[in-house]
Amino acid sequence: MNVVIVDDDRVVGISLKTILEAEPDISVSALGNNGIQAIALYQQYRPDILLMDIRMEGMNGLDAATEILSFDPAAKILFLTTFSDDEYIVRALRLGAKGYLLKQDFESIVPALHAVYGGQNVFGSEVVRKIPDILTVTKEPDVSEFPLNEKEFEIMKLVAEGLNNKEISATLFLSEGTVRNYLSSTLEKLELRDRTQLAIYYYKHIRP
């Protein structure tokens with residue numbers, strides 16, 4: 001797995017490189033310090049994952065990610081930042097980032113990289129807890145274009161709100177087995193892997 005690290009703190013960048021390259025399957029191709037360098041380094045190395053800070057001088061990480069995704073929609077960008085600012089989280093979700101982690105959760109960085117490399121979306125637990133509140137809107141979405149029935153939509157909404165199967169079962173007066181079946185069919189129809197991806201899909205495509 002080839003990774004490019006972009007962080008405006010050189011010490012952080014070097015430390016991350018040391019941590020990641022201790023893993024036998026991770027190689028750090030380059031280090032950058034701002035969004036402009038991120039774009040140039042991505043074009044030069046085409047890494048499997050771009051691990052990038054958000055707040056940087058010159059061009060921030062979100063703007064750099066927007067530019068990169070405009071010419072390579074398949075780019076895997078994982079944000080690593082000290083800020084759990086709601087606006088940053090919303091923008092990261094909507095522009096198509098593969099993850100958003102807080103630097104304080106340094107022990108989760110390597111597992112997150114492996115997950116993103118494997119095609120998953122990864123958001124830290126603190127971020128996931130905030131998603132329902134920061135993206136809540138009052139207007140009902142138009143769901144006619146999605147290949148789901150009414151019950152599947154109800155369950156997807158409750159998953160996005162953070163309910164587990166037992167809580168969904170009690171809310172909809174369904175057995176947990178029925179909830180699991182609906183959830184499985186929803187994931188299959190939308191070609192998603194897990195509950196986290198389903199919640200992200202809901203807030204990105206249905207409740208943007």
Side-chain angles (χ1 to χ4, degrees), residues 1-21 23 26-131 133-135 196-197 199-201 203-205 208:
M1 181 196 318
N2 295 315
V3 178
V4 165
I5 299 171
V6 179
D7 195 299
D8 63 346
D9 187 326
R10 292 179 183 274
V11 174
V12 171
I14 293 171
S15 298
L16 286 171
K17 183 176 188 293
T18 301
I19 291 170
L20 298 187
E21 291 198 325
E23 299 295 317
I26 299 178
S27 174
V28 177
S29 302
L31 299 177
N33 303 114
N34 57 55
I36 294 173
Q37 290 182 13
I39 296 170
L41 291 172
Y42 186 87
Q43 290 175 318
Q44 179 178 355
Y45 292 98
R46 294 289 171 145
D48 295 310
I49 300 175
L50 174 60
L51 181 63
M52 180 163 54
D53 195 4
I54 289 184
R55 282 193 178 181
M56 298 182 290
E57 293 185 7
M59 175 184 282
N60 66 45
L62 291 167
D63 290 341
T66 300
E67 177 69 20
I68 291 168
L69 289 164
S70 71
F71 64 76
D72 184 4
K76 294 180 178 178
I77 300 174
L78 177 60
F79 286 117
L80 184 64
T81 179
T82 55
F83 303 97
S84 59
D85 185 277
D86 290 355
E87 181 182 353
Y88 290 163
I89 296 171
V90 171
R91 286 192 61 191
L93 284 169
R94 290 179 175 168
L95 66 82
K98 298 301 181 183
Y100 187 117
L101 300 175
L102 300 183
K103 290 180 181 177
Q104 298 91 299
D105 299 330
F106 65 91
E107 71 280 358
S108 68
I109 296 173
V110 170
L113 285 171
H114 284 115
V116 169
Y117 184 69
Q120 299 180 44
N121 288 35
V122 179
F123 290 83
S125 57
E126 180 178 341
V127 175
V128 171
R129 284 196 299 270
K130 298 179 75 169
I131 288 174
D133 292 331
I134 63 179
L135 294 181
T196 299
Q197 284 196 345
I200 293 168
Y201 183 96
Y203 287 115
K204 185 177 179 181
H205 297 284

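Everything quoted here is computed from the prediction, not taken from an experiment.
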Quiz item: Can you name the nearest heavy-atom pair linking Val28 to Glu21, along with the distance?
Solution: N-OE2, 3.0 Å
Self-check item: From CG (Leu78) to NZ (Lys98), nearest 0.5 Å
Solution: 11.5 Å
Practice problem: Among residues two or more places apart or on two chains, list those pairs meeting salt bridge (charged side-chain N to carboxylate O under 4.0 Å, His left out) that have a residue in residues 106-122. | Solution: none
Quiz prompt | Any Ile19 side-chain heavy atom under 4.5 Å of Ile109 side chain | solution = no
Self-check item: Smallest separation among heavy atoms of Ala115 and Val122, with atom names
Solution: CB-CG2, 3.5 Å
Practice problem: Hey, could you give me the CG/CG distance between Leu50 and Leu41, rounded to the nearest 0.5 Å? | Solution: 8.5 Å
Quiz item: Side chains of Glu23 and Leu113: closer than 4.5 Å at any heavy-atom pair?
Solution: no
Quiz item: Should Val12 and Asp53 count as side-chain neighbours, where that means a heavy-atom distance under 4.5 Å?
Solution: no
Practice problem: Report yes or no: does Asn2 contribute a side-chain atom to a donor-acceptor pair with the main-chain N or O of Asp48 at less than 3.5 Å? | Solution: no
Exercise. For the pair Asp8 and Arg55, evaluate side chain to side chain contact (heavy atoms under 4.5 Å, CB included) and give the outcome as yes or no after the intermediate values.
Key: CA-CA 8 Å; Asp8 63 346; Arg55 282 193 178 181; 5.7 Å; no
Quiz item: How far does CG of Asn34 sit from CE of Met52, to the nearest 0.5 angstrom?
Solution: 10.5 Å
Quiz item: Quick one: does Asn121's side chain get under 4.5 Å of Gln197's, heavy atoms only?
Solution: yes
Quiz item: What are the two closest heavy atoms between Lys76 and Gly119, and how far apart are they?
Solution: NZ-N, 4.2 Å
Quiz item: At what distance, to the nearest 0.5 angstrom, does OG of Ser15 lie from CD1 of Ile5?
Solution: 9.5 Å
Quiz item: Pick one: which of Val6, Val4, Ile68, Ile77 meets side chain to side chain contact (heavy atoms under 4.5 Å, CB included) with Tyr42?
Solution: Ile68
Self-check item: CD1 on Ile39 to CG on Asp72, rounded to 0.5 Å
Solution: 12.5 Å
Quiz item: Got Val3 and Leu16 here, is their nearest side-chain heavy-atom distance under 4.5 Å?
Solution: no
Quiz item: To the nearest 0.5 Å, how far apart are OG in Ser29 and CE in Met1?
Solution: 11.5 Å
